[in-house]
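Accompanying notes for the structure given below.
Since the structure is predicted, the reported quantities are computational estimates derived from the model, not experimental observations. Every chain is numbered from 1, with letters handed out A, B, ... down the list of sequences. For the numbers below, each heavy atom of this structure counts, side chains included, while hydrogens, waters and symmetry mates do not.
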Amino acid sequence: MNAGTDVALNTIWVVIAAAMVLFMEGGFSLLEAGFVRTKNAVNVTMKIFVDLTVGVLAFFLIGFGIMFGKDYGGLISFNFWGASQSLHIDFNLPLSAYVLFQIGFAIAAISIISGAVAERMSFKAYILIAVFVAAILYPISGHWVWNPDGWLAQLGMKDFAGSAAIHALGGSAALAFAKVLGPRRGRFNTDGDVNVFAPSNIPLASAGTFILWFGWFGFNAGSTLSASDVNLSIIALNTMLAAAAGGTSAMIYTMFRYGKADPSMTMNGALAGLVAITAGCAFVTPYSSILIGLVAGLLVIWGTLAIDKLQVDDPVGAVAVHGINGSFGTLAVGLLDQKEGLLTTGQFHLLGVQLLGVIVVVVWGYVLSYGAAKVIEATVGLRVNDAEEEEGLDMAMHGIPAYNELERFSDQPGMDPSLLLKTGSGD
Amino acid sequence: MNAGTDVALNTIWVVIAAAMVLFMEGGFSLLEAGFVRTKNAVNVTMKIFVDLTVGVLAFFLIGFGIMFGKDYGGLISFNFWGASQSLHIDFNLPLSAYVLFQIGFAIAAISIISGAVAERMSFKAYILIAVFVAAILYPISGHWVWNPDGWLAQLGMKDFAGSAAIHALGGSAALAFAKVLGPRRGRFNTDGDVNVFAPSNIPLASAGTFILWFGWFGFNAGSTLSASDVNLSIIALNTMLAAAAGGTSAMIYTMFRYGKADPSMTMNGALAGLVAITAGCAFVTPYSSILIGLVAGLLVIWGTLAIDKLQVDDPVGAVAVHGINGSFGTLAVGLLDQKEGLLTTGQFHLLGVQLLGVIVVVVWGYVLSYGAAKVIEATVGLRVNDAEEEEGLDMAMHGIPAYNELERFSDQPGMDPSLLLKTGSGD
Amino acid sequence: MNAGTDVALNTIWVVIAAAMVLFMEGGFSLLEAGFVRTKNAVNVTMKIFVDLTVGVLAFFLIGFGIMFGKDYGGLISFNFWGASQSLHIDFNLPLSAYVLFQIGFAIAAISIISGAVAERMSFKAYILIAVFVAAILYPISGHWVWNPDGWLAQLGMKDFAGSAAIHALGGSAALAFAKVLGPRRGRFNTDGDVNVFAPSNIPLASAGTFILWFGWFGFNAGSTLSASDVNLSIIALNTMLAAAAGGTSAMIYTMFRYGKADPSMTMNGALAGLVAITAGCAFVTPYSSILIGLVAGLLVIWGTLAIDKLQVDDPVGAVAVHGINGSFGTLAVGLLDQKEGLLTTGQFHLLGVQLLGVIVVVVWGYVLSYGAAKVIEATVGLRVNDAEEEEGLDMAMHGIPAYNELERFSDQPGMDPSLLLKTGSGD
C-alpha cells in the first residue's frame, strides 16, 4: 500500500530530520568527552548512552503521551504508552514519524544536563535523572508550549523548535543539578577563585560541534514537520547564519579581549547561535538571524563568567549555551518576529508572552529539578565519593580508561580492566 | 529531462539512504580503531578503506550481477558487469540508485569481518578476502534471499534489511576467518584463561557507534526502496527502539552482574539491537521491537563469553553482535511477525522458513569462508609473523603509528616513517 | 501556505544536500587536525571555524551577489547583500535554499587553503584570507563558470559541481599562499631533502575522510538543484565509484612501489577521486568514473612528490588533491563526456574549452592569491615568528594544547591555559 505523495514527502523529510537529530547525541557525547578531563571522558560518553537507551524508552512509553495526548486544562495529558494511542494532533504525517522526531527532541533536553553534571555525579543518579526528565519534567512543560491545547501555546507563545521548550528547560535543569551537586573538587578556591580544568581533547570536542551543527538543520528545519512548508529553506539558512554569527562574535571577542582566539568559546559561540535561533528560525529574517547570533556569541562568554561568579561548576558551559541563550532566543522572537515583534512592528504583546513563557519554563525546570536532585541525594545519593572523583569516574564507574596505550591490560598490576571482560576470562 | 514525482521522490530517498549506509563504513572504522590496541588502529582503519575501495569495485563489477541478475534455478546469476545489465527486478527507481544502495550493503558485510580478524591478519590476505566476499560469498547467498527468484525468497523467507543476508552471513564468515587465523598472541593462556586486551580509545569507539546508529536509519528505512511505503517511518521508529532497548539491557545487566556499566558492552548492545531488528523492522510492532532489542542486548554479552570459551579470538565482538544477533533477529521475525509470527498468530510455517534460512546462510558463510581462509593460508599466507604482530600491524604493514606525538619523525632513529613520504624526501 | 510538490521536493533535497556539504567542514577539520603535528591541531581546527563563521558571513553578504547577481560583461556582478536581492537565475527552488547550498560551496573553497598553510600562518592573516576568498576570489571566477551569463559558461565549459570552480581554484590559491609563506621550519634541508613530519592522528584523519566522502554525495548529487533530474542517482553512483577507484589505485600503487599500503595516500587517493569526478559526475558513465578515479589516485601521489620537489610545503597535500585533480577532472570531461568528449565522440571543441577554463581559473587563483599574500605579508604579517612556530600554534595562538592529559592545568607551572578561562578565574 502506498501513501499519497504529500504524506510520502513529509515522511521521508521527517525521518531524515529525525535521524539527524538523533545523531546530535553523538555530537553531545564527543563535545563533552573532549571538554572534560581525560579521567571522566568515558563516563560522560556513557551518560549520553543512558539518554539514548533508558531515556528513549522512558519518553516513548511515558513522556510522549503526557506531552501530546488529549489535554486536561492546558496542563497535562495521561495517554501513556503514547505511541500506541491516537494522537491528539493532526498532521499530514504518520504518527510513528512524529514520535521518532519527538524522541530526538526529548533526549536532547536530557543531554544538555549531562555536561553540567559531568565529572562528579553518580552514574545511578544520572539514570534516574534521565528517566525523570524524559518522563516528567520535559513532557509537562513541553505540553504547555507545544501541545496545541497547552496553556502557553494558547496564549500565543512562539517557540518554533524549542529555544524555550528544550534549551531553556534543559539549561535551567542543568543549573539546578549542578548547584545541588556542588562543584568538582578543587574547582573553586576558598577565596572564590576559579581553577581552570582544561579540556582534554579539542579535536574530539570539535568533532562533536560539527555533528551538532549538522544535526541542527534537522532539528530546526525538520520542525516544519512538512516538506511543503515554504519557510523550510529560510529556516535552514537562518540556522546557518546564526551559528556563523555566534561563532564569529565569540571568536573575535576573545581575540580582542584576551589576545587569543579561544577554541572552547568559539565552539560554544556557534552552538549558542544555534540555540538562540531555534525559537525564531521560522519567524525572523536572515539579517535578524545574524543579529541574534552575534548577541548569542557574546552572551555565552559573559554567561560563562557569570556562572563562575555564582560558584556553580558547569564543566562544559551547558547553562550558558542552552539556558541563557535558549532564554535569549525565545525573547528575541518577541523583538524580531516579522509579524508581531516589538522592534519590527512596535507591538508589545508577543514579547510579553515570550517573557512569561521563558520565566515559566525556567522556573519549572529549575524548581522541579532542584527538588528531584534533593530527593535523589537523600535516597540513592547524587554524587560519587571523594576517592572516586579523584581517581576519575571512568575507572571508578566503568573500570576502563578513555585512552589506553598499554599493550596488555592484564600485565598492569593495579589497573582494573573492564570487569565484564575480566569476568569473561574463564570463571 | 525530468523524472516523474514518484520516481524523483524514491530516487532522493534511496540516494540519501545510500549515503548514510556508506557513511557506516566510517562507523565501523572508528569503532574498530577504538576497540583494538593502539598499535593496530591504523591497520583496521586501512581494512575499512579496502572495503570502500577494492570491495566496492568488486561488488560493482561482479557481485551485483551475480546477486540481482537473471536467475538460474534459484541459485545464481551470471550478469557480470552488473550495473550495465538490465536488472531482473522492477522498481520505480533508477537502476543506478539501486546499485549504489546495494554497494553499501555489500561492503557492510565485508566490514563485519574486518573487526574479527583485527590485529593479526596480513593486509594482502584481507584484500583477497574483501574481493572474495564482495564478488562471491555475499552475492550468492544474497541471491537466494533477496533476488525475487532466489530459492529462499521463493520459500517466503522474510529478511527485510538483512539480519540474515548481511549480518548472520558476515558474522559466520568472521567466525570462520577468526578460527583459522587463530587467536592473537597471548590472548588465551594454556589453561584456557582469557587475557584482556583493553580497548585503546573509548571516545573513538563511541564516535563509530554513533555513526553506525545514524547510518542504520538509511540501512533499514532505506530498504523500502520507496518513499511512499507506508511502513517507512514505523521501520525507522522500530530501529530506534530496538537499539535503545539493546543498549539498555546490556548496560543494566553489566551494572547488576558486574557492578559497573560496561562501555564496550553498552555500545555492542545497542548495535546488537540494531542488527536484530534489521530483519523484522518492517514486520513487527514497536513493542516487539523493544522486546527484540532487550534480548539482543543480553545475547551479545552471553555470546561474547561463549566465543571466548570456544577459544576463538574476536577483538571487537563482531561474531556476537552480527552473527548471533543477525541469526536471532531473523528467527524473531518468525516469532513476532504481525501476519505470520508464531507468538502473534500461532502459525509455525514462517518460523520454520526463517530457521531454515538462517541455517543455510550461516553454514554457507562459515564453510565457504573456512575454505577460503585455508586456501589463502596455503598460498599467500593469512597471518603476519610473530615479530610483526608484536610490533603491531601499524608499523609493520603501514609504516606509521596511529598517534604520533613526536615533533619530527626523522629525528627518531629506529622508527619508520611512511615509506612513501620518506621516498618523497628526494631520492 | 504550502509550496507545490515539485518545489517542496527540490527544497528538501537541496536543504539536506546543503547540510551534508556544510558537514564537510567537519571533515576538513578532522582530516587536517589528524595530518598536522599535534602542536598545531587546535590551530587548523580553528581555521575551519573561521571558514564556518567569518567566511560564511562574507560570502552571504558580499560573495553571493558578486557570483550570481545580474551579470556585467560576463565578468562580475555587484548585487551585494546577495540573499536579499532577487536572483538573476531561475530555479524551481526557493532562493534561500540556493544561497545555503552555495555557502557550503564557498567555504569548501576556503577550507582547501587552510590545510596547505597549516602550522605556520598567523591566525589573523588567515581570517583576512578567508574574507578575501569568500568575498572576492571565489565569487568572481565562480561568476565566470557558473553564472549563466559568465563568459566561461557562455563558451560551454562544463564543470558540474566544481572541479574547476572550487577545487582547482582552491588548490591554486593554496599553492600561492604556501609558496609565499615558505616551508615549515626544518621541512627542507639545504640540499633540498625533505624531512618528514608524520601525521599526528591517523584515526582522526580517517574520520575526516569519511565525513568528506559522505558530504560529497550532497556536493555532487545536490548540484542537480532538482530532485527530478534523471541524472541524480547516476551522479551519486559515479561519485562513489571514482572515490573507490582513487583509493584503490593509490593504495595498490604504494603497496607495490614502496612495500607498504600508505594510509595518508589512500585517504588522499579517495579524496582525489572525489575531486576529479566532481566536474564530470553528470556527464560521464560509471566506467569512465572508475577510470577517472584510478588516474586521480596516481596523480595525487605523483603530484605530492612534485610539490615536494618544488620545495613548496603543503602539510596535508591540498594542492595535489584539489589543485591537480581538480584540473585533471575538468579536462577529463573534455575527454569522456558522453556527448562531446574527445575519446567518446572524437570532438575536440569541449576539451579546448575545458582546457581554457582550467588555465583561466588556475592562473586567476594563483596570481590573485599571490598578490593578496604579498599585501598581507607587508601589512599585518603572514607568518608566525620562529618561537611561535617552534612552540606550536596551539599554545601560541590559542593558549591550549589539542590533547591535555594533565589533571589540573593550573597546577602545571609554565603552561598557559586558555586565557579566557584563566581570566574567568576571578579577576
Using a cut-off of under 4.5 Å on heavy-atom pairs, state which of [options] scores highest against chain A.
options: Ala261(B), Ala17(B), Gly34(B); value: Ala261(B)
options: Phe217(B), Phe188(B), Trp216(B); value: Phe217(B)
options: Thr285(B), Thr266(B), Leu241(B); value: Leu241(B)

Quick one: closest heavy-atom pair of [X] and [Y], and the distance?
X: Trp13(B); Y: Val15(A); answer: CH2-CG1, 4.2 Å
X: Ser206(B); Y: Ser29(A); answer: OG-OG, 4.2 Å
X: Pro203(B); Y: Leu30(A); answer: O-CD2, 3.8 Å
X: Ile400(A); Y: Pro199(B); answer: CD1-CD, 3.5 Å
X: Asn404(A); Y: Thr38(B); answer: O-OG1, 3.5 Å
X: Lys124(A); Y: Met255(B); answer: CG-CE, 3.5 Å

At a heavy-atom separation under 4.5 Å, does [X] approach chain B through its side chain, its backbone, both, or neither?
X: Ala18(A); answer: neither
X: Val50(A); answer: both
X: Ile103(A); answer: side chain
X: Ile211(A); answer: neither
X: Leu22(A); answer: side chain
X: Leu9(A); answer: both

For the atom pair [atom1] ([X]) and [atom2] ([Y]), what is the distance rounded to the nearest 0.5 Å?
X: Thr45(A); Y: Met267(B); atom1: OG1; atom2: CE; value: 6.5 Å
X: Phe49(A); Y: Thr209(B); atom1: CZ; atom2: OG1; value: 4.5 Å
X: Phe28(A); Y: Phe210(B); atom1: CZ; atom2: CZ; value: 11.5 Å
X: Ile12(A); Y: Asp229(B); atom1: CD1; atom2: CG; value: 12.5 Å
X: Ile202(B); Y: Met46(A); atom1: CD1; atom2: CE; value: 9.0 Å
X: Leu204(B); Y: Tyr403(A); atom1: CG; atom2: OH; value: 8.5 Å

Verdict with reasoning, Met251(B) to Phe123(A), per side-chain contact (heavy atoms from CB on, under 4.5 Å) | CA-CA 11 Å; Met251(B) 183 175 73; Phe123(A) 192 65; 3.8 Å; yes
Between Asp394(A), Ile16(A), Leu100(A), which shows the greatest number of heavy-atom pairs under 4.5 Å with chain B?
->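 Of the options given, most contacts go to Leu100(A).
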For the residue pair Tyr98(A) and Leu237(B), establish whether any side-chain heavy-atom pair is separated by less than 4.5 Å.
->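 Side chain of Tyr98(A) against side chain of Leu237(B), heavy atoms only: no contact under 4.5 Å found.
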Phe214(B) and Phe214(A) aromatic ring geometry - parallel, tilted or perpendicular at 30°/60° bounds |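 Perpendicular.
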